[in-house]
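One structure is given here, and the rest of the page talks about it.
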Amino acid sequence: MNRRKLIAGNWKMNLTHKEAEDLSRHLVGSIKNEYLAKVETVLCPPYTALESVGRVVSRSGLKLGAQNLYFENDGAFTGEISARMLKELGCEYVIIGHSERRKFLHETNKVINSKIKKAIEFDIKPILCVGETFQEREDEIFEGVVDEQLSDALEGISMTDMRKLVIAYEPVWAIGTGLCATTDQASSMHIFIANVVTRLYDSETADKLIILYGGSVNSKNAAEILSAERVDGALVGGASLKADQFTQIVQCAFEISK
């Protein structure tokens with residue numbers, strides 16, 4: 001199965017809306033159209049910059065994504081943002097279940113499941129994040145942890161809707177630490193994730209599923225990671241804030257896709 005590569009930049013809680021606008025303009029100018037023809041490229045700025053970044057990328061091949069959403073349409077939920085609001089701003093993707101939200105904001109698999117369903121309802125593609133901590137890998141229970149995250153998060157998601165999802169494998173121990181999974185570790189976990197999806201759905205759904213790797217991806221290690229078996233792209237953190245590095249990562253994905 002020749003799956004299209006996908007590179008998503010998660011800007012996290014960085015950049016004012018003006019800084020985000022400047023970065024997105026730089027990226028529109030530096031990422032060639034020929035790259036975007038083969039590599040789906042998504043920018044996920046903070047909420048405050050969604051509108052300004054959306055305006056910049058609207059006539060380019062770059063896609064707009066959000067870092068989170070709430071599972072209700074509207075109401076008395078101070079500080080939350082709905083799928084309807086994101087959709088109106090032109091968001092095509094949304095990151096759901098990032099390990100930082102699981103850790104710091106105590107998001108459960110049940111909450112993540114509700115968010116996935118809401119994103120799908122508004123035709124926004126969820127990027128579901130799963131991954132184990134360092135201790136869970138040391139204890140050799142990491143496959144069970146990821147299996148449970150997937151099974152719970154995908155409960156009630158139809159086969160048709162499942163084909164709208166992207167999954168990002170992010171070993172928690174590699175996020176923002178400078179550590180990176182080896183190609184063997186990344187490949188084996190991506191294959192494991194595909195096998196779980198085969199069990200929950202079928203092999204065709206698993207074959208079409210785009211699985212990203214996330215965790216200290218940068219311009220120096222991108223080629224090796226993106227060349228690994230069953231790695232379909234990357235969810236990029238810190239390096240996505242540097243226009244030259246992010247452009248190089250997209251270029252790596254393009255070269256591998258040729």
TODO: Would you sort out whether E21 and K18 count as a salt bridge (charged side-chain N to carboxylate O under 4.0 Å, His left out), showing the intermediate values?
DONE: CA-CA 5 Å; E21 185 177 349; K18 184 62 173 66; 5.5 Å; no

- [ ] Can you see which heavy atom on G65 is nearest to which on L50, and at what distance?
- [x] O-CD2, 3.4 Å

Task: In one Ile/Leu/Val/Met/Phe/Trp/Tyr side-chain cluster, 4.5 Å: V53, I127 - done: no

Task: Minimum heavy-atom distance S219-Q248, with the two atoms named - done: CB-OE1, 3.5 Å

Open item on the list: Would you say M159 ends up clustered with I193 if hydrophobic residues are merged whenever their side chains have heavy atoms under 4.5 Å apart, either directly or through other cluster members?
Closed with: yes

- [ ] Starting from the C-alpha separation in whole Å, work towards a yes-or-no answer on side chain to side chain donor-acceptor pair (under 3.5 Å) for Q67 and H98.
- [x] CA-CA 9 Å; Q67 297 176 23; H98 193 283; over 6 Å; no

Open item on the list: Under 4.5 Å between side-chain heavy atoms, counting indirect links through other Ile/Leu/Val/Met/Phe/Trp/Tyr residues: same cluster for F71 and M85 or not?
Closed with: no

Task: Check: D74 and S82 side chains under 4.5 Å, non-hydrogen atoms - done: no

Open item on the list: Using the rule given for side chain to side chain contact (heavy atoms under 4.5 Å, CB included), can you reason through L128 versus I112, listing the C-alpha separation, both sets of side-chain angles and the distance that settles it, and then say yes or no?
Closed with: CA-CA 8 Å; L128 167 63; I112 290 163; 3.7 Å; yes

TODO: Would you mind telling me which of I225, I256, L212 makes a side chain to side chain contact (heavy atoms under 4.5 Å, CB included) with V231?
DONE: I225

Open item on the list: Can a donor-acceptor pair be found, under 3.5 Å and without considering hydrogens, that links the side chain of K5 to the backbone of L226?
Closed with: yes

Open item on the list: Please check: side-chain N/O of S60 versus main-chain N/O of V56, any donor-acceptor pairing under 3.5 Å?
Closed with: no

Task: Side-chain touch I31/F246, heavy atoms, less than 4.5 angstrom - done: yes

Open item on the list: I'd like to know if the side chain of R101 and the backbone of H106 have a donor-acceptor N/O pair within less than 3.5 Å.
Closed with: no

- [ ] Please step through side chain to side chain contact (heavy atoms under 4.5 Å, CB included) for the pair T198 and S203, ending with a clear verdict.
- [x] CA-CA 5 Å; T198 297; S203 59; 4.2 Å; yes

TODO: Please assess Q135 against D139 for the test side chain to side chain donor-acceptor pair (under 3.5 Å), listing each intermediate value before the final yes or no.
DONE: CA-CA 6 Å; Q135 192 60 54; D139 293 342; 3.0 Å; yes

- [ ] Kindly give the heavy-atom pair with the smallest separation between Y213 and A181, and that separation in Å.
- [x] OH-N, 2.9 Å

Open item on the list: Is any side-chain heavy atom of P46 closer than 4.5 Å to one of N14?
Closed with: no

Open item on the list: side chain to side chain contact (heavy atoms under 4.5 Å, CB included), that's the test. Do L209 and I167 meet it? Break it down for me.
Closed with: CA-CA 8 Å; L209 175 67; I167 292 177; 3.8 Å; yes

Task: Min side-chain heavy-atom separation N218-V236 under 4.5 Å - done: no

Open item on the list: According to a hydrophobic-cluster definition based on side-chain heavy atoms being under 4.5 Å apart (Ile, Leu, Val, Met, Phe, Trp, Tyr only), do Y70 and L89 belong together?
Closed with: no

Open item on the list: Closer than 4.0 angstrom, basic N to acidic O: yes or no for K87 and E92?
Closed with: no

Task: Pair K103 + E100: basic N to acidic O under 4.0 Å - done: no

Open item on the list: Looking at E148, I'd like to know if its CD atom is crowded, meaning that more than 12 non-hydrogen atoms belonging to other residues, nucleotides or ligands lie closer than 6.0 Å.
Closed with: no

Task: Side-chain heavy atoms of L241 within contact of K12, under 4.5 Å - done: no

Task: Under-4.0 Å salt bridge between E107 and K115 - done: yes

- [ ] Check V146 against M189 and note the closest heavy-atom contact, atom names and distance.
- [x] CG2-CE, 3.7 Å

Task: Stepwise side chain to side chain donor-acceptor pair (under 3.5 Å) test for E136 and T133 - done: CA-CA 5 Å; E136 288 164 345; T133 64; 3.3 Å; yes

Task: E224, CD atom: more than 12 neighbouring heavy atoms under 6.0 Å - done: no

TODO: Apply side chain to side chain donor-acceptor pair (under 3.5 Å) to the pair R163 and T205, showing each step before the final yes or no.
DONE: CA-CA 6 Å; R163 293 176 182 177; T205 301; 3.2 Å; yes

Task: Rounded distance [0.5 Å steps], CD in E80 versus CG in N68 - done: 6.5 Å

TODO: State plainly whether one hydrophobic cluster holds both Y93 and L64, where clusters connect Ile, Leu, Val, Met, Phe, Trp and Tyr through side-chain heavy atoms under 4.5 angstrom apart.
DONE: no

Open item on the list: Tell me if the CD atom of E88 is crowded by more than 12 foreign heavy atoms within 6.0 Å.
Closed with: no

- [ ] Measure the acute angle between the ring planes of H190 and Y169, then classify it against the limits of 30° and 60° as parallel, tilted or perpendicular.
- [x] perpendicular

Task: Spacing of K164 atom NZ and I157 atom CD1 [to the nearest 0.5 Å] - done: 10.0 Å

- [ ] Would you mind checking if D147 and R199 are paired as a salt bridge, meaning a charged N to carboxylate O distance below 4.0 Å?
- [x] yes

Open item on the list: On a heavy-atom basis, which atom in A174 and which in S216 lie closest, and how many Å separate them?
Closed with: O-OG, 2.6 Å

Task: Neighbour count >12 (heavy atoms, 6.0 Å) for atom CD, E229 - done: no

TODO: Verify side chain to side chain contact (heavy atoms under 4.5 Å, CB included) between D152 and N113, making sure each step is shown before the conclusion.
DONE: CA-CA 7 Å; D152 289 353; N113 174 254; over 6 Å; no

TODO: Please confirm whether the backbone N or O of N109 pairs with a side-chain atom of R102, one donor and one acceptor, at under 3.5 Å?
DONE: no

Task: NZ/NE/NH1/NH2 to OD/OE distance under 4.0 Å, R230 and D232 - done: yes

TODO: For the pair E34 and K38, find out whether any cationic side-chain nitrogen is under 4.0 Å from an anionic carboxylate oxygen.
DONE: no

Task: K117 bridged to E121 by N-O distance under 4.0 Å - done: no

Task: Distance-minimising heavy-atom pair for A194 and A206 - done: O-CB, 3.3 Å

Task: Separation between OG of S30 and NE2 of H26, rounded to the nearest 0.5 Å - done: 5.0 Å

Open item on the list: When you compare the side chain of S24 with that of W11, does any pair of heavy atoms fall below 4.5 Å?
Closed with: yes

Open item on the list: Strictly below 4.0 Å, N to O, side chains only: are E132 and R137 in salt-bridge contact?
Closed with: yes

Open item on the list: Does this structure show an ion pair linking D22 with R25, if we count only N-O contacts that are shorter than 4.0 Å?
Closed with: no

Open item on the list: Is it true that, when you exclude F134 itself, more than 12 heavy atoms of the residues, nucleotides or ligands shown sit nearer than 6.0 Å to its CZ?
Closed with: no

- [ ] Would you give the length of the straight line joining atom CG of D123 to atom SG of C91, rounded to the nearest 0.5 angstrom?
- [x] 12.5 Å

Open item on the list: Measuring only between side-chain heavy atoms, which start at C-beta, is V197 closer than 4.5 Å to M162?
Closed with: yes

